[in-house]
Amino acid sequence: MGVEDGIRSKFEHSELTRAVRGRLGRLESDARYDVVIVGGGSAGCVLANRLSEDRATRVAVLEAGRPDYLSDVYIHMPAALSFPIGNRLYDWKYESEPEPHMHGRRIYHARGKVLGGSSSINGMIFQRGNPMDYERWGADPGMDRWDYAHCLPYFKKMETCLAGADEWRGGRGPLLLERGPADNPLCGAFFDAVQEAGYELTEDVNGYRQEGFAAFDRTIYRGRRLSAARAYLHPVMSRPNLDVRCNVFVNQVLFAGHRAVGVEVVEHGQTRIIHAGEVILCGGAINTPQLLQLSGVGRADELRPLGINIAHDLPAVGENMQDHLEVYVQYASKQPVSVAPAMKMKNRPRVGLEWLLFRRGPGATNHFESGGFVRSNDDVAYPNLMFHFLPIAIRYDGTAPQGHGYQVHVGPMYSDTRGSVKVVSADPHVHPALRFNYLSTEQDRREWVEAVRCARRILTQPAFEPFNDGELSPGAGVESDEQILDWVARDAETALHPSCTCRMGTGADSVLEPATLAVHGLEHLRVVDAAAMPYVTNGNIYAPVVMLAEKAADLIRGDTPLVPAEVPFYRHQAVVSDTNVKPQAPASKARRTPEAKSEK
């Protein structure tokens with residue numbers, strides 16, 4: 001059956017009943033939908049909006065987590081982002097298996113357990129990645145329609161860039177993006193320091209040129225977090241053909257032969273069947289492969305010993321996992337100009353009240369207002385390091401040293417390490433085994449040393465002299481390559497970008513058909529989330545996931561895809577015949593406003 005009539009397919013109740021009778025026991029039958037979206041996270045919210053535009057298509061969104069109540073300050077106040085992480089009410093609280101190259105540490109992985117998914121608990125940084133990321137995607141066999149020209153129209157469709165729309169940025173999409181003011185004196189010193197260190201500023205890391213440093217776009221609008229649920233789902237909740245159900249746990253996908261025909265769920269303590277013409281998995285790079293494996297789709301010789309009935313032997317499910325690891329390079333500040341006072345317990349009531357009444361003040365920002373991208377060596381074609389600068393020294397869990405400080409988050413962006421997600425039990429409530437294999441390759445270790453040295457070079461430039469009161473982390477005792485790698489192994493945390501565990505492609509290492517996002521060898525079952533990415537992008541992955549879902553909606557509905565946007569983008573090595581090389585852009589007049597430069 002073609003994509004055009006995929007979500008309109010009708011099915012017989014008896015077909016589903018025959019498929020599950022005897023294996024599942026007596027189940028209470030539930031509603032029927034043309035499309036069942038498993039997961040109300042970033043991608044699921046986008047698909048719910050776009051697929052329910054056709055009022056003849058009945059769409060259900062099944063979210064295992066809680067609703068994102070508008071009164072919930074922990075979700076909607078940007079500065080409260082550290083509170084949901086590690087909280088069982090908002091976070092699935094995953095952790096890796098002991099990582100062999102990180103002294104056997106288990107690395108904590110927060111994932112959103114709430115409507116909006118991780119977009120309701122993330123750092124609200126909006127970064128598309130480098131255009132060359134999508135050129136890399138498009139270079140794989142069968143992936144030619146996932147290059148930058150084909151993806152850019154969907155990036156523009158999804159956003160309203162409040163800094164101004166142009167040929168790279170959108171101006172009419174659901175995601176309203178505010179650019180960080182970056183007006184703290186420490187941010188000003190940071191922009192001066194990167195130039196003193198030999199790097200350049202850029203107008204917009206999501207525009208023509210990613211390489212360089214700039215104020216960051218953020219998914220914050222008028223002082224409030226703008227999650228995927230708030231941008232895409234809540235505005236259309238009243239549609240009669242859209243049913244959004246929270247606290248519904250999906251146990252498995254149900255099949256009749258090789259055709260997905262529904263899901264088994266637990267709702268209000270009752271096991272039910274929900275019938276579906278099309279099942280779309282949007283649980284993310286951890287839950288999606290876990291659910292496939294629990295449903296009998298994966299490496300058969302690993303699933304059978306767990307007592308899982310095999311629906312389809314597909315060994316690539318759960319493989320190829322990629323992520324970004326990061327460290328905090330922190331310095332103490334001589335001057336009391338950081339935002340540390342706003343984080344003190346005694347000041348939180350005032351900060352909270354100002355935010356509640358006026359949506360302004362320290363509570364209205366994520367503090368990730370500036371940063372940038374650089375190449376750490378001449379072997380890479382485009383930036384392989386990402387920096388987030390904060391005018392405070394603090395960790396994701398909210399712990400901070402005493403006094404004023406500042407820091408950069410830094411880490412390699414496209415490491416060649418690869419990991420996996422594997423179920424260890426047929427019980428869907430048991431977390432799968434996560435193995436990331438951080439620091440396991442020579443390239444990764446080399447780039448980590450370069451990353452820390454690059455961060456130190458920036459933070460010790462003359463521009464920081466009025467503020468620099470000494471390095472807090474990693475500290476003066478960490479200097480040699482071996483010491484740096486040992487510190488990274490002991491101190492690094494995930495940047496929370498797991499991806500690529502059900503990659504698009506045509507080879508044996510792939511799970512999804514690039515033209516449809518359908519699972520290879522199965523009918524009416526698709527994956528639309530970070531798991532579908534073939535390679536992790538250079539930056540935070542929320543924006544690429546939303547783009548992927550926007551593009552997938554057209555593929556699923558059989559709509560004519562948006563016209564590819566053949567626009568130029570920056571490459572540091574200019575090629576005369578290359579259409580992606582742009583003439584020198586005019587310089588900005590503002591001293592600290594990032595400006596586009598010509599190719600070297």
Side-chain angles (χ1 to χ4, degrees), residues 1 6-40 44 47 51 57-64 243 245 247-283 287-300 303-304 306-314 317-318 423 425-430 432 502 511-512 516-529 531 556:
M1 182 174 291
I7 65 173
R8 291 298 191 83
S9 63
K10 300 302 177 182
F11 48 91
E12 296 297 330
H13 172 62
S14 59
E15 184 175 12
L16 177 56
T17 303
R18 288 195 302 269
V20 301
R21 182 180 292 153
R23 183 163 60 89
L24 300 178
R26 183 176 180 180
L27 301 174
E28 184 176 346
S29 182
D30 205 340
R32 305 183 184 192
Y33 298 91
D34 296 301
V35 178
V36 167
I37 298 169
V38 180
L47 290 180
L51 299 183
T57 301
R58 292 198 64 206
V59 178
V61 178
L62 308 180
E63 168 55 43
D243 190 3
R245 298 162 70 165
N247 299 305
V248 177
F249 191 92
V250 178
N251 286 336
Q252 61 180 313
V253 179
L254 304 174
F255 295 95
H258 282 89
R259 178 183 179 185
V261 291
V263 292
E264 177 196 339
V265 307
V266 176
E267 184 177 19
H268 305 306
Q270 298 294 316
T271 302
R272 308 174 186 272
I273 293 173
I274 296 182
H275 308 261
E278 187 88 9
V279 177
I280 306 176
L281 305 186
C282 300
N287 179 259
T288 285
Q290 177 192 19
L291 184 56
L292 283 171
Q293 292 166 356
L294 290 169
S295 305
V297 181
R299 188 180 293 275
L303 300 181
R304 283 196 186 96
L306 300 176
I308 296 173
N309 294 322
I310 305 304
H312 183 47
D313 186 9
L314 193 58
V317 171
V423 294
S425 169
D427 183 350
H429 296 279
V430 175
C502 296
V511 175
L512 306 177
T516 63
L517 294 172
V519 176
H520 289 314
L522 296 174
E523 299 176 17
H524 302 296
L525 178 63
R526 307 177 200 255
V527 171
V528 182
D529 57 29
I556 294 167

Report task. May I ask you to check whether over 12 heavy atoms, not counting those of His268, lie within 6.0 Å of atom NE2? Result -> no
Query raised in the report: Is a side-chain N or O of Asp313 found less than 3.5 angstrom from the main chain of Ala300, in a donor-acceptor match?
Result: yes
Report summary line: Shortest non-hydrogen pair, Val61 vs Gly40, comes out as CG1-CA, 3.7 Å
Query raised in the report: Heavy atoms, side chains only, cut-off 4.5 Å: are Val253 and Leu281 in contact?
Result: yes
Report task. Would you mind checking if Arg245 and Glu63 are paired as a salt bridge, meaning a charged N to carboxylate O distance below 4.0 Å? Result -> no
Requested in this report: Measure the shortest side-chain to side-chain distance between Leu47 and Cys282 over non-hydrogen atoms and say whether it is less than 4.5 angstrom.
Outcome: yes
Query - Chi angles and distances behind the side-chain contact (heavy atoms from CB on, under 4.5 Å) call for Tyr33, Ile274 - result: CA-CA 8 Å; Tyr33 298 91; Ile274 296 182; 3.8 Å; yes
Report task. Quick one: pull up NE2 in His524 and CZ in Phe255 and give me the separation to the nearest 0.5 Å. Result -> 12.0 Å
**Report entry** Distance-minimising heavy-atom pair for Ala276 and Val279
**Finding:** CB-CG2, 3.7 Å
Query raised in the report: Looking only at atom types and distance, does a side-chain atom of Gln290 sit under 3.5 Å from a main-chain N or O of Val430, one as donor and one as acceptor?
Result: yes
Requested in this report: Show your reasoning for whether side-chain contact (heavy atoms from CB on, under 4.5 Å) applies to Val265 and Phe249.
Outcome: CA-CA 5 Å; Val265 307; Phe249 191 92; over 6 Å; no
Query raised in the report: Is there side-chain contact between Val423 and Ile308, with heavy atoms separated by less than 4.5 Å?
Result: yes
Query raised in the report: To the nearest 0.5 Å, how far apart are CG in Leu51 and CZ in Arg58?
Result: 14.5 Å
Report task. Using side chain to side chain contact (heavy atoms under 4.5 Å, CB included) as the criterion, point out the one residue from Asp243, Val59, Leu62 that pairs with Val36. Result -> Leu62
Requested in this report: Using the side-chain contact (heavy atoms from CB on, under 4.5 Å) rule, take Leu292 and Leu525 through it: C-alpha gap first, then chi angles, then the decisive distance, then the call.
Outcome: CA-CA 10 Å; Leu292 283 171; Leu525 178 63; 3.8 Å; yes
Query - Note, Val261 side chain near His275 side chain (heavy atom, < 4.5 Å) - result: no
Query raised in the report: From Leu512 CG over to Arg526 CZ, what is the distance, rounded to the nearest 0.5 angstrom?
Result: 10.5 Å
Query raised in the report: For Glu264, does its backbone N or O pair with a side-chain atom of Asn251 as donor and acceptor, under 3.5 Å?
Result: no
**Report entry** Test item: Leu254 and Val263 side chains (from C-beta on) under 4.5 Å apart, heavy atoms
**Finding:** no
Requested in this report: Before giving the answer on side-chain contact (heavy atoms from CB on, under 4.5 Å), spell out for Arg259 and Leu522 the whole-Å C-alpha distance, their side-chain angles and the decisive distance to 0.1 Å.
Outcome: CA-CA 6 Å; Arg259 178 183 179 185; Leu522 296 174; over 6 Å; no
Query raised in the report: Parallel, tilted or perpendicular for His312 and His258, by the 30°/60° rule?
Result: perpendicular
Query raised in the report: Heavy-atom distance under 4.5 Å between the side chains of Ile556 and Ile280, does that happen here?
Result: yes
Query raised in the report: Rounded to the nearest 0.5 Å, what separation is found between the OG atom of Ser295 and the CD1 atom of Ile310?
Result: 11.0 Å
Query raised in the report: When you check the side-chain N and O atoms of Thr288 and Asp529, is any donor under 3.5 Å from an acceptor?
Result: yes
Query - Side-chain touch Gln293/Val317, heavy atoms, less than 4.5 angstrom - result: yes
Report summary line: Heavy atoms of Gln252 and Leu291 approach each other most closely as CA-CD1, 3.6 Å
